[in-house]
Amino acid sequence: MSIRINQNKCIGCKRCCDSCPGTLIDIQNNKACMLYPKDCWGCASCVKECPVGAIDFFLGADIGGNGSTMHVEGKGDILNWQITKPDGETKIITINRKDSNKY
Ligand code: SF4
Ligand code: SF4
């Protein structure tokens with residue numbers, strides 16, 4: 001499974017459901033639920049669309065993640081990717097959507 005949904009943060013906006021190319025997420029009792037975790041290929045579309053940072057993306061060992069997770073808190077074109085290591089240490093990487101889509 002590449003993502004984990006924090007249902008305490010989820011506001012049921014459905015943006016993750018609409019953005020998932022595999023239709024893997026649905027809303028149940030006003031909260032997003034991952035229905036087919038084994039089918040997730042980790043594209044991170046849902047992570048970027050979530051307006052409240054409720055979706056954690058697991059960073060696999062193949063890219064040196066070693067149990068770290070990443071979620072995004074966006075403001076307009078600015079996306080703040082917060083990486084949380086297993087020991088609780090965090091790092092924030094800020095990306096401007098306009099710059100990343102420039103090419
Ligand atoms: S990471 Fe991609 S494939 Fe996986 S649930 Fe999110 S949008 Fe769907
Ligand atoms: S995008 Fe985020 S807040 Fe909206 S339904 Fe999905 S997990 Fe919940």
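Computed from heavy atoms alone, side chains included, the values below leave out hydrogens, waters and symmetry copies. All ligand and atom numbering here is 1-based and tracks the order in the structure.
- In this structure, OG on Ser2 lies 5.5 Å from CZ on Phe57, to the nearest 0.5 angstrom.
- Here the CE atom belonging to Met34 is positioned 4.0 Å from the SG atom belonging to Cys40, to the nearest 0.5 angstrom.
- Of the residues Ile55, Leu79, Ile95, Ile93, the one that meets the side chain to side chain contact (heavy atoms under 4.5 Å, CB included) test with Val72 is Leu79.
- Residue Ile55 approaches ligand 2 through these ligand atoms, each under 4.0 Å from one of its heavy atoms: 7 (S).
- Between atom NZ of residue Lys48 and atom NE2 of residue His71 there is a gap of 15.5 Å, rounded to the nearest 0.5 Å.
- Listed for the Lys31 side chain is a donor-acceptor partner under 3.5 Å among the backbone atoms of Cys10.
- Under the side chain to side chain contact (heavy atoms under 4.5 Å, CB included) test applied with Thr69, the options Asp56, Ile3, Ile83, Leu59 reduce to a single match, Asp56.
- Applying the 4.0 Å criterion to heavy atoms of Met34 picks out, from ligand 1, the atoms 5 (S).
- The shortest non-hydrogen separation linking Ile5 to Ala32 is CG2-O, 3.7 Å.
- Within the protein, the N, O or S atoms sitting under 2.8 Å from atom 2 (Fe) of ligand 1 are Cys43 SG.
- Cluster note: Ile11 groups with Val52 through ILVMFWY side-chain heavy atoms spaced under 4.5 Å, whether in direct contact or through intervening members.
- Counting only protein N, O or S atoms, the number found under 2.8 Å from atom 4 (Fe) of ligand 2 is 1.
- For CG of Asn29, the number of neighbouring non-hydrogen atoms (other residues, nucleotides, ligands) closer than 6.0 Å is 12 at most.
- Residues passing the side chain to side chain contact (heavy atoms under 4.5 Å, CB included) test with Asp26 are Leu35, sequence neighbours excluded.
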